[in-house]
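Along the sequence shown, residues are numbered consecutively beginning with 1. Predicted model only: the values in this text are computed from it and were never measured.
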Amino acid sequence: MSVGAVAAVLLAACGTSGAQTAAEATDVPAGTLPLAHVHGVDVDPADGSLLLATHDGLFRVGEDGTSSRVGPVIDLMGFTVAGPGRFLASGHPGPGVDLPQPVGLIESTDGGRSWQPLSRQGESDFHALTSSATGVIGYDGSLLRSPDGRAWEETYLRLPPASLATSPDGGVVLATTVEGLMQSADGGASWSLVEGAPLLQVVDWGSDATTVAGVDPAGTVWTSTDAGRTWTEGPELGAPPQAVSANGSGAEARIAVATTAALLQSRNGGRDFAVVLDS
């Protein structure tokens, strides 16, 4: 694949579109993806349920394979879980939603049922967003970091990231770019290329300082148990990825991947995946 083709694939995940109306996603059959385009996937530590951040809002996936929207229709371009029932997001308000355009950084402390503005309303549409114990990092055309989601400073990354991931303690930040995986050990102030890493489209950090999961543009899963320094190739998921999440650690890590065709999940560190929702 040429550099130009890789760039097109990576940056496709950062495209925008208007949020759909509530009526377009009212009834989602069991086992079916609520929408074709997913910008974020994660697990709510409050109850272990899978979450899908989409153009039509936030969806919670039940054990029976049903998915139901939680809260208002917001085009969630960026999404990160900051704690049990506490989420941070960015994007665009849907019909009837009383939020600025773009919404800036917004916060939910009730599992996504309601959202409150935190900062940068009318300014930022973060297409990549990550949080840790030390704060928040987002990309809205510039790389910004904040200790509390309210006061921000601009830092620098030469290439636009398709995704960002921070270790739980905030010690290391990873960014997927068209030239390869980038790493920062100082909160995003300086970056270096991770030599030998696969070209990843999406990446996420597990629950410890060493477990990382990523997916390349072709849909092959890669995992690391040494903070992204070396990688092990895993299964091919059969479609390009849109988002990935990692929870837990090592061989017991729970990894979820939203592709253009399905939502898949592994409960053994990425060795095997099962389809949770299909298109």
Side-chain angles (χ1 to χ4, degrees), residues 22 25-35 38-91 94 105-116 118 129-133 136 149 163 165-169 202-209 211-213 241-259 262-278:
T26 321
D27 299 314
V28 182
T32 304
L33 278 169
L35 285 174
V38 175
H39 270 298
V41 60
D42 215 327
V43 171
D44 186 351
D47 59 8
S49 60
L50 281 168
L51 303 166
L52 293 175
T54 78
H55 282 308
D56 203 19
L58 183 67
F59 286 78
R60 189 175 294 267
V61 182
E63 291 290 336
D64 59 356
T66 59
S67 55
S68 55
R69 187 173 55 236
V70 182
V73 178
I74 303 173
D75 182 2
L76 299 172
M77 300 298 296
F79 178 80
T80 180
V81 172
R86 179 174 178 252
F87 314 143
L88 300 173
S90 189
L105 185 70
I106 55 177
E107 177 187 42
S108 175
T109 57
D110 58 8
R113 290 186 291 276
S114 64
W115 294 86
Q116 298 76 42
L118 276 185
L129 193 64
T130 185
S131 61
S132 70
V136 189
S163 69
T166 315
S167 60
D169 62 1
V202 291
V203 67
D204 194 35
W205 215 288
S207 303
D208 60 13
T211 301
V212 188
Q242 300 188 93
V244 64
S245 72
N247 291 270
S249 59
E252 304 302 317
R254 180 182 181 186
I255 300 171
V257 181
T259 74
L263 172 65
L264 305 99
Q265 181 174 234
S266 170
R267 290 185 177 270
N268 59 9
R271 294 190 299 277
D272 302 294
F273 281 81
V275 174
V276 178
L277 302 176
D278 211 339

*No-hydrogen, no-angle side-chain donor-acceptor test under 3.5 Å, Ser49 and Asp47*: yes
Looking at [atom1] of [X] and [atom2] of [Y], how far apart are the two atoms once the value is rounded to the nearest 0.5 Å?
| X | Y | atom1 | atom2 | value |
| --- | --- | --- | --- | --- |
| Leu50 | Ser245 | CG | OG | 6.5 Å |
| Leu58 | Trp115 | CG | CH2 | 6.0 Å |
| Trp205 | Ser249 | CH2 | OG | 13.5 Å |

Do the side chain of [X] and the main chain of [Y] share a donor and acceptor less than 3.5 angstrom apart?
| X | Y | answer |
| --- | --- | --- |
| Arg60 | Gly111 | yes |
| Ser266 | Ile255 | no |
| Glu107 | Gln116 | no |
| Asp204 | Ala246 | yes |

*asked:* Once you measure the plane-to-plane angle for His39 and His55, does it fall in the parallel (<30°), tilted (30-60°) or perpendicular (>60°) bin?
replied: perpendicular
_Apply side-chain contact (heavy atoms from CB on, under 4.5 Å) to residues Leu88 and Ile106 and explain how you reach the verdict._
CA-CA 6 Å; Leu88 300 173; Ile106 55 177; over 6 Å; no
Side chains of [X] and [Y], heavy atoms from C-beta outward: is any pair under 4.5 Å?
| X | Y | answer |
| --- | --- | --- |
| Thr54 | Phe59 | yes |
| Val257 | Leu263 | no |
| Val81 | Pro45 | yes |
| Asn268 | Glu252 | no |
| Leu51 | Val41 | no |
| Leu277 | Leu264 | no |

_Tell me which pairs pass salt bridge (charged side-chain N to carboxylate O under 4.0 Å, His left out) where either residue lies in residues 263-275, with sequence neighbours left out._
none
Can you see which heavy atom on [X] is nearest to which on [Y], and at what distance?
| X | Y | result |
| --- | --- | --- |
| Ser114 | Ser108 | O-OG, 2.9 Å |
| Ser67 | Val28 | OG-CG1, 3.2 Å |
| Val275 | Ala262 | CG1-CB, 4.4 Å |
| Pro34 | Leu52 | CD-CD1, 3.9 Å |
| Val276 | Gln265 | CG2-CB, 3.7 Å |
| Gly48 | Arg254 | O-NH1, 2.8 Å |

*Do Val212 and Val203 pass the side-chain contact (heavy atoms from CB on, under 4.5 Å) test, and can you show the C-alpha distance, the side-chain angles, and the key distance before you say yes or no?*
CA-CA 7 Å; Val212 188; Val203 67; 3.5 Å; yes
*Given Val136 and Leu129, is the side-chain contact (heavy atoms from CB on, under 4.5 Å) satisfied, shown in steps?*
CA-CA 7 Å; Val136 189; Leu129 193 64; 3.8 Å; yes
*Applying the side chain to side chain donor-acceptor pair (under 3.5 Å) test to Thr80, which of Ser90, Ser131, Ser132 qualifies?*
Ser131
*Can a salt bridge be assigned to the pair Asp110 and Arg86 using a cut-off of 4.0 Å between side-chain N and carboxylate O?*
no
*Given side-chain contact (heavy atoms from CB on, under 4.5 Å), test Asn247 with Asp42 step by step and report yes or no.*
CA-CA 8 Å; Asn247 291 270; Asp42 215 327; 3.5 Å; yes
